[in-house]
Structures are given as structure tokens and as C-alpha cells.
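The following block contains the structure, expressed as C-alpha cells.
Only this structure's heavy atoms are used, side chains among them; waters, hydrogens and symmetry mates stay out.
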Amino acid sequence: PDCPPDAQPKTQQVSGKGYWTVSPDGAVYSFGGASYYGGMNGSRLNGSILGMAPTVSGKGYWMVGSDGGIFSFGDAQFFGSTGSYRLNKPIVGMAPTPSGNGYWLVATDGGIFTFGDAQFYGSTGSYKLNQPIVGMSTTPTGRGYWLVATDGGIFAFGDAEFYGSTGSYNLNKPIVGMSARPQGNGYWLIASDGGIFTFGASQFFGSLGSCAGREARMIQTSPSGNGYLIVTGDGRVTSFGDAKHFGYQSRDITSMAAIK
């Protein structure tokens with residue numbers, strides 16, 4: 001397959017201090033300046049781990065399971081979970097507030113669950129969606145968020161602006177995630193084949209679109225917004241733009257969290 005090198009040649013100063021990746025059983029792998037604070041591997045989980053998020057300090061992280069169970073490590077505080085709720089649809093993602101004193105969970109029907117200082121700005125829980133929600137990103141202020149569906153449909157709430165979507169595109173593969181620019185003025189969507197779609201001020205730095213056999217799981221924006229990391233299901237991490245590559249673990253990986 002015509003795959004790009006994991007660490008792309010850099011023509012500018014690199015951005016990023018380190019990151020963690022996590023597998024469905026909650027095993028955590030740390031790279032660069034990201035320290036290991038614990039994992040859930042070896043524990044009995046009600047739902048597979050499918051998301052994680054860093055604390056503001058970079059000295060801890062949260063993990064979320066498909067049942068909305070929240071697991072906090074390092075200086076990450078527990079503000080609640082949907083682990084005891086009877087959910088209409090499984091949880092697919094989480095996002096922390098800018099203060100680190102709360103977080104949002106999102107389900108495949110676009111239902112939003114708020115904890116700590118996270119505020120509710122709307123959801124698609126009552127909408128008739130064409131395709132299920134697969135991820136979310138928040139605005140820099142924490143007063144809004146975007147939801148993305150597998151067809152690339154974008155739903156903006158609060159102070160999140162709509163910059164476009166792939167809802168009307170004829171996609172080769174479904175969208176599996178999104179990542180917003182740190183400045184809040186654009187976002188990237190990523191398809192399962194590693195194809196990248198840019199909206200607003202986000203720029204295209206490369207993709208895995210021609211790399212056969214590797215299933216993209218998520219995209220992580222660099223701290224500057226001038227690059228991104230793509231994580232594939234085999235654990236590979238590929239850097240584009242100014243995003244710094246720190247390594248990877250060859251495991252079934254579902255999510256990543258990066259030090260900002």
C-alpha cells in the first residue's frame with residue numbers, strides 16, 4: 001500500500017508535547033512527555049473503552065466506555081457518568097471543558113450528557129438522523145460544540161459556527177471523527193479510509209486516502225492548529241503538518257489524547 005511515513009518531514013517548528021493511546025480493554029500507552037497514570041486493562045468493563053481526553057495540565061486523563069462509564073487517572077477528577085443510566089443509544093465520545101472541571105458525553109443518537117461545569121447547549125437526541133453520530137468537538141470558550149455523523153453531517157450548538165459538512169457528498173467511506181482548530185474557526189473530518197475533509201480555516205496537510213488496509217479511527221489536531229495526527233486501528237500514528245510524532249504501539253487502538 002502507498003502509505004505515508006509515520007513521521008512526516010517537518011519544514012516548520014513542531015507542535016506537541018506527547019500523547020496517549022488507548023485500546024478497547026482500557027490499556028493505555030504513553031509517548032513523548034505524556035506520563036502513564038494507569039489503565040483499565042485487567043478490570044471487568046461493562047462497555048469497551050472508546051474515548052479518552054486529557055486534563056488541562058497534561059498530568060491526567062479520562063477514559064469513557066460505551067456505557068458512559070468514566071475512569072479518571074492522574075489529576076483528572078470524576079464528575080459523574082452515565083454508567084448507571086438506561087441509555088437509548090451507546091456513548092461514542094467525550095470532550096472536557098476548557099477549565100477541566102467537567103465534560104460532555106455524546107451518544108450515537110446525538111444525546112448530550114453534561115457533568116461538572118459542562119453546560120447543555122442542545123442535542124440531536126430528538127432529531128431523525130440520516131446517520132448516527134460518531135464524535136464531537138468543543139469550541140475554545142467551552143460555550144458550544146459540534147457533533148458529526150457518519151455521513152459527515154455537522155450539527156453546531158452554542159457558539160459553535162457551522163463551516164460546512166460532507167452531508168451531501170458521495171463518500172467512499174464513512175466519517176469516523178472530527179477535530180476542531182484550537183482557535184475554533186474550523187474543523188477537520190476524517191473518514192475510515194483516512195480521507196481528510198477541511199472546513200473553515202483548517203488546512204489540508206495530507207491524508208491516508210491512498211493507504212490501503214489501514215482503518216482510521218480518529219484525528220487529533222496539533223496544539224497550534226497547523227497539523228494533525230491520524231490514528232489507525234492497528235495503533236499506528238501518522239503525523240502531518242507541524243504535529244510531532246512520538247511513536248506508537250501496535251495494538252487495537254480506539255482513541256488518543258494529546259498534551260496541549
Side-chain angles (χ1 to χ4, degrees), residues 19-28 34 37-40 45-58 60-85 87-125 132-149 155 157-158 160 175-180 182 187 190 217-221 229 231 253-260:
Y19 48 76
W20 302 272
T21 59
V22 64
S23 61
D25 64 355
V28 172
Y37 296 105
M40 292 304 294
L45 298 171
N46 293 326
S48 296
I49 300 297
L50 44 79
M52 74 183 308
T55 61
V56 175
S57 69
Y61 43 79
W62 295 274
M63 294 189 287
V64 62
S66 58
D67 63 341
I70 293 286
F71 308 95
S72 25
F73 297 90
D75 65 358
Q77 295 184 54
F78 178 77
F79 298 104
S81 76
T82 63
S84 61
Y85 293 25
L87 297 172
N88 292 327
K89 295 291 183 179
I91 299 297
V92 287
M94 76 174 298
T97 61
S99 70
N101 293 322
Y103 41 75
W104 294 270
L105 305 186
V106 61
T108 59
D109 61 356
I112 293 286
F113 304 89
T114 62
F115 300 94
D117 66 355
Q119 299 293 310
F120 179 79
Y121 297 105
S123 76
T124 62
I133 299 297
V134 287
M136 75 180 298
S137 283
T138 59
T139 63
T141 63
R143 299 192 187 102
Y145 42 76
W146 297 272
L147 308 183
V148 63
F155 305 90
F157 299 95
I175 298 297
V176 293
M178 74 177 297
S179 190
Y187 42 76
I190 185 169
R217 291 283 169 85
M218 72 172 292
I219 179 172
Q220 174 71 55
T221 309
L229 301 167
V231 186
I253 294 298
T254 54
S255 190
M256 158 189 272
I259 299 177
K260 296 178 181 179

Any donor-acceptor pair under 3.5 Å from Ser179 side chain to Ser137 backbone:
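Side chain of Ser179 to backbone of Ser137, a donor-acceptor pair under 3.5 Å: no, none is there.
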
Rounding to 0.5 Å, atoms CE (Met178) and OH (Tyr187) come to a distance of 6.0 Å

Heavy atoms of Pro140 and Pro98 approach each other most closely as O-CG, 3.4 Å

Can you check whether Phe71's main-chain N or O pairs, donor with acceptor, with Tyr61's side chain at less than 3.5 Å?
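Pair absent, no side-chain N/O of Tyr61 close to backbone of Phe71.
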
Return yes if some donor-acceptor pair links the side-chain N/O of Trp104 with the main-chain N/O of Phe120 below 3.5 Å, else return no.
no

State, with a plain yes or no, whether a side-chain heavy atom of Phe79 is found less than 4.5 Å away from one of Asp117.
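Heavy-atom side-chain distance check fails, nothing below 4.5 Å.
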
Taking the side chain as everything from C-beta on, heavy atoms only, tell me whether Ile49 gets closer than 4.5 Å to Ser255.
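Side-chain contact under 4.5 Å: no.
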
If every non-hydrogen atom of Thr221 is compared with every non-hydrogen atom of Ala180, which pair is closest and at what distance?
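So the minimum-distance heavy-atom pair works out to OG1-O, 3.3 Å.
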
Pair Phe113, Ile91 - check side chain to side chain contact (heavy atoms under 4.5 Å, CB included), show working.
CA-CA 10 Å; Phe113 304 89; Ile91 299 297; 3.9 Å; yes

Looking at Thr254 and Gly51, would you say the former's side chain and the latter's main chain have a donor-acceptor pair under 3.5 Å?
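Absent.
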
Report yes if the side chains of Tyr103 and Val64 come closer than 4.5 Å at any heavy-atom pair, otherwise no.
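Sidechains of Val64 and Tyr103: no contact.
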
Would you give the length of the straight line joining atom CG of Leu87 to atom CG of Leu105, rounded to the nearest 0.5 angstrom?
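Reported to 0.5 Å precision, the distance equals 9.0 Å.
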
For the student: nearest non-hydrogen atoms of Ala258 and Pro54, plus distance:
O-CG, 3.3 Å

Evaluate the side-chain proximity of Val92 to Thr108: yes if any heavy-atom separation is below 4.5 Å, no if none is.
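Yes - at least one pair of side-chain heavy atoms lies under 4.5 Å apart.
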
Of the non-hydrogen atoms in Thr97 and Asn101, which two are nearest, and what is the gap between them?
OG1-N, 3.5 Å

From Thr114 atom OG1 to Gln119 atom CD, the distance as rounded to the nearest 0.5 Å:
7.0 Å

Any chance you could measure Gln220, atom CD, to Thr21, atom OG1, to the nearest 0.5 Å?
12.0 Å

What are the two closest heavy atoms between Gly39 and Met63, and how far apart are they?
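Looking at all heavy atoms of both residues, the shortest contact is CA-CE, 4.1 Å.
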
With a 4.5 Å cut-off on side-chain heavy atoms, are Ile133 and Lys89 touching?
no

Heavy-atom pair with the smallest gap, counting every atom of Ser66 and Gly47:
OG-CA, 3.3 Å

Only one of Trp146, Tyr145, Phe155 passes side chain to side chain contact (heavy atoms under 4.5 Å, CB included) with Met136; say which it is.
Tyr145

Roughly how far apart are Asp67 CG and Ser48 OG, rounded to 0.5 Å?
9.5 Å

Between the OH atom in Tyr37 and the OG1 atom in Thr55, the distance rounded to the nearest 0.5 Å is 7.5 Å

